[in-house]
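These numbers were taken from a predicted model, which means no experiment stands behind them.
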Amino acid sequence: MISDYAKYRFYEFLPGLSIWFTLILTVILSFVKPLWMIYFILVFSVYWVLRVMYFSIYLILSWFRFRKAVKLNWYDLLMKKFPDCQQKRKNVIFLPVYNEEYEVLRTTLNSFLESSYPAQKLFVVISGEERKMEHWKNLQEKIKKDFSGKFADLIFNTHPKNLLDEIPGKGSNIHHAEIEFKKYIDNFGWNYKDVITSVFDVDTVVHPQYFAHLTYLYCLHPNPERSSFQPITLYNNNLWESPSILRIMSFGTTFWMLFSLARLDNLVTFSSHSMSFQAIVDVGGHSKNIVSEDSRIFYQCWLYYKGEYEVTPLYIPVSMDTVRDDSIWKSLKNLYFQQRRWAWGAENIPYLLWKAPKVKEISWWKKIGIIFREWEGKWSWAVVAILITVVGRLPLYVAGDQVRQSALFFNTPHMLEVMMTLAMGGLFISAIMSMLILPRKPVHEPHFKYLTMIGQWVLLPVSLLFFSALPCLDSVTHLMFGKYLGFNVSQKKR
């Protein structure tokens, strides 16, 4: 009899196995059957060019929706359509804090004050760590001095250290804060369905229209407790100060989010997001013993509500920090670990393989679809850049004389060149869009740095290989062998 632990470990082994099997098999076939591999690389290149075109179409569509959304006065629209919403709905923001500088938190809180939605209607829960008690006490003193009386309520929560069945990190911090805030809600007798909960990273600077837009869509939604609300994520707070590689990867994350918002069927909560407190209570809160709590909360809700749960796109952005540090080497190290932590979202694959079959009310078609999208996303993340930049040319180098004399061998480099030229169209679109969402240049930055912002895109192949594919490969390999990663706190300095 196979134990449940052994079954779950087998599921954890599968994502990494599929990735390593692909990479090892393609290398072996490059030597054993180079002609097969040449055909495969050509077909794969065509497929990937089509994917780039597909991605670009949705990216442009999402961009126009974004530009339209930020021009509207959502607070006026909210008051016209739902004049009693501020009495009925409560906006609550959770901010988990670890070792961040006060300047980061102060900027975040100031963005709430500058919101078109009245700050006196916002409840702000700031949750610090007992592990950093001295730092947390200092932060509380500064926050009270600068922000007391400016919100509906400013609530401080301390997450105790060494609690059972927890991984120290953002997820466990939020989980504890949610439990404590439920007592606060129960004391006032609020309806959980009327509490709009935003769970933000501490460096999240909201657009002035964010809370008005969120509240409008929440009130408009026919069943808002069955939906999360996902904004566009920009990394604009310290973008000009950051190294080129960090900027490229930050833009890449933003473009991926824009694509996902337009496509919808691929949309899962990521980083800062909002949802009903009713859903949080129903599923027992954000997970306290995993790293990827931001995406896991969506899957928790999707399973609990038997597949009847969705993510509603918010085309109003929130701005966050890149993982910039004091030196470029520290910054690159932070970037690698951040990408590895994000790739650790592969832990959702065994979770779904384990949980989804037990929910009989969800059709097998839906189950297969959601598992495939999560699995294929991690597979592509780890494999594509390596196949295109490294393995793709290998059969051409090691092919025997018989293959070298074929017309296919002679034409393949030219065909690959054509494919890469077509794919460059996606790179061109990315470069143009990166300039369109670029924040205003700080006064102290020279004008020629605009040229750097365009020229930095030549580093894209390097960034995709070393700061995307390899961290993902690292992450799924850890999961394969049960070497579980803890929560790595991304250092962010300005």
Side-chain angles (χ1 to χ4, degrees), residues 62 91-96 169-175 177-178 195-204 206 210-211 213-214 217-218 221 223-235 253-305 307-320 338 341-349 351-352 355-356 366 369-371 373-375 377-378 381 487 490:
S62 198
N91 266 287
V92 179
I93 305 112
F94 285 88
L95 293 173
K170 180 184 171 186
S172 56
N173 185 311
I174 295 169
H175 180 87
E178 288 168 341
V195 180
I196 309 172
T197 309
S198 296
V199 180
F200 289 164
D201 286 352
V202 71
D203 59 321
T204 302
V206 298
Y210 178 82
F211 291 114
H213 183 47
L214 167 65
L217 290 184
Y218 191 92
H221 199 288
N223 203 1
E225 65 273 14
R226 298 292 181 92
S227 177
S228 290
F229 298 81
Q230 180 63 53
I232 297 169
T233 306
L234 305 177
Y235 291 84
T253 304
T254 297
F255 296 157
W256 167 74
M257 181 56 66
L258 282 166
F259 165 76
S260 299
L261 288 176
R263 186 178 160 187
L264 285 181
D265 65 329
N266 202 41
L267 187 55
V268 175
T269 46
F270 169 75
S271 190
S272 297
H273 58 276
S274 302
M275 60 191 300
S276 167
F277 198 77
Q278 180 67 63
I280 290 174
V281 172
D282 285 347
V283 302
H286 285 73
S287 292
K288 62 182 179 177
N289 57 357
I290 65 166
V291 174
S292 52
E293 88 296 325
D294 52 349
S295 55
R296 176 62 64 83
I297 190 67
F298 167 77
Y299 293 121
Q300 289 174 246
C301 293
W302 188 81
L303 291 168
Y304 180 86
Y305 293 119
E308 299 301 320
Y309 194 83
E310 64 182 10
V311 179
T312 300
L314 298 178
Y315 285 98
I316 295 293
V318 297
S319 296
M320 303 170 73
Q338 181 192 58
R341 172 164 58 83
W342 288 352
W344 189 252
E347 65 182 338
N348 287 321
I349 298 170
Y351 174 78
L352 288 169
K355 290 281 189 178
K366 275 189 174 183
I370 202 167
I371 293 170
R373 287 193 294 272
E374 183 67 28
W375 199 327
K378 298 304 183 291
W381 188 345
F487 189 91
S490 298

Look up atom [atom1] in [X] and atom [atom2] in [Y], then write down how far apart they are to the nearest 0.5 Å.
| X | Y | atom1 | atom2 | result |
| --- | --- | --- | --- | --- |
| Ser62 | Met257 | OG | CE | 10.0 Å |
| Ser260 | Asn266 | OG | CG | 5.0 Å |
| Tyr351 | Ser292 | OH | OG | 10.5 Å |
| Ile370 | Ile349 | CD1 | CD1 | 12.0 Å |
| Leu214 | Thr312 | CG | OG1 | 10.0 Å |
| His273 | Ile297 | NE2 | CD1 | 6.5 Å |

Check whether any side-chain heavy atom of [X] lies under 4.5 Å from a side-chain heavy atom of [Y], and answer yes or no.
| X | Y | result |
| --- | --- | --- |
| Val311 | Val268 | no |
| Pro231 | Ile316 | no |
| Tyr299 | Glu374 | yes |
| Ile196 | Phe211 | no |

Next on the checklist: Tell me whether Lys366 is salt-bridged to Glu308, with the criterion being a basic N under 4.0 Å from an acidic carboxylate O.
Outcome noted: yes
Checklist entry - In a check of ring pair (Phe, Tyr, Trp, His ring centres under 6.0 Å) between Trp342 and each of Trp381, Phe270, Trp256, which one passes? => result Phe270
Minimal non-hydrogen separation, [X] against [Y], with atom names:
| X | Y | result |
| --- | --- | --- |
| Ala279 | Cys301 | CB-SG, 4.1 Å |
| His221 | Ser227 | NE2-CB, 3.7 Å |
| Val199 | His286 | CG2-CE1, 3.7 Å |
| Ser287 | Gln300 | OG-OE1, 3.0 Å |
| Met320 | Thr233 | SD-CG2, 3.5 Å |
| Met275 | Phe229 | CA-CD1, 4.5 Å |

Checklist entry - Looking only at side chains, do Ser228 and Tyr309 share a donor and an acceptor under 3.5 Å apart? => result yes
Next on the checklist: side-chain contact (heavy atoms from CB on, under 4.5 Å), that's the test. Do Trp375 and Leu352 meet it? Break it down for me.
Outcome noted: CA-CA 10 Å; Trp375 199 327; Leu352 288 169; over 6 Å; no
Checklist entry - Under 30°, 30 to 60°, or over 60°: which ring-plane class applies to Tyr210 and Phe200, parallel, tilted or perpendicular? => result perpendicular
Next on the checklist: So does Phe277 get a backbone contact from the side chain of Glu178, meaning a donor-acceptor N/O pair under 3.5 Å?
Outcome noted: no
Checklist entry - Should Ser272 and Thr204 be marked as a side chain to side chain donor-acceptor pair (under 3.5 Å) after you check the CA-CA gap, both sets of side-chain angles, and the distance that decides it? => result CA-CA 7 Å; Ser272 297; Thr204 302; 2.8 Å; yes
Checklist outcome for this item: For Pro96, the side-chain contact (heavy atoms from CB on, under 4.5 Å) test, sequence neighbours excluded, returns Lys170, Asn173, Ile174
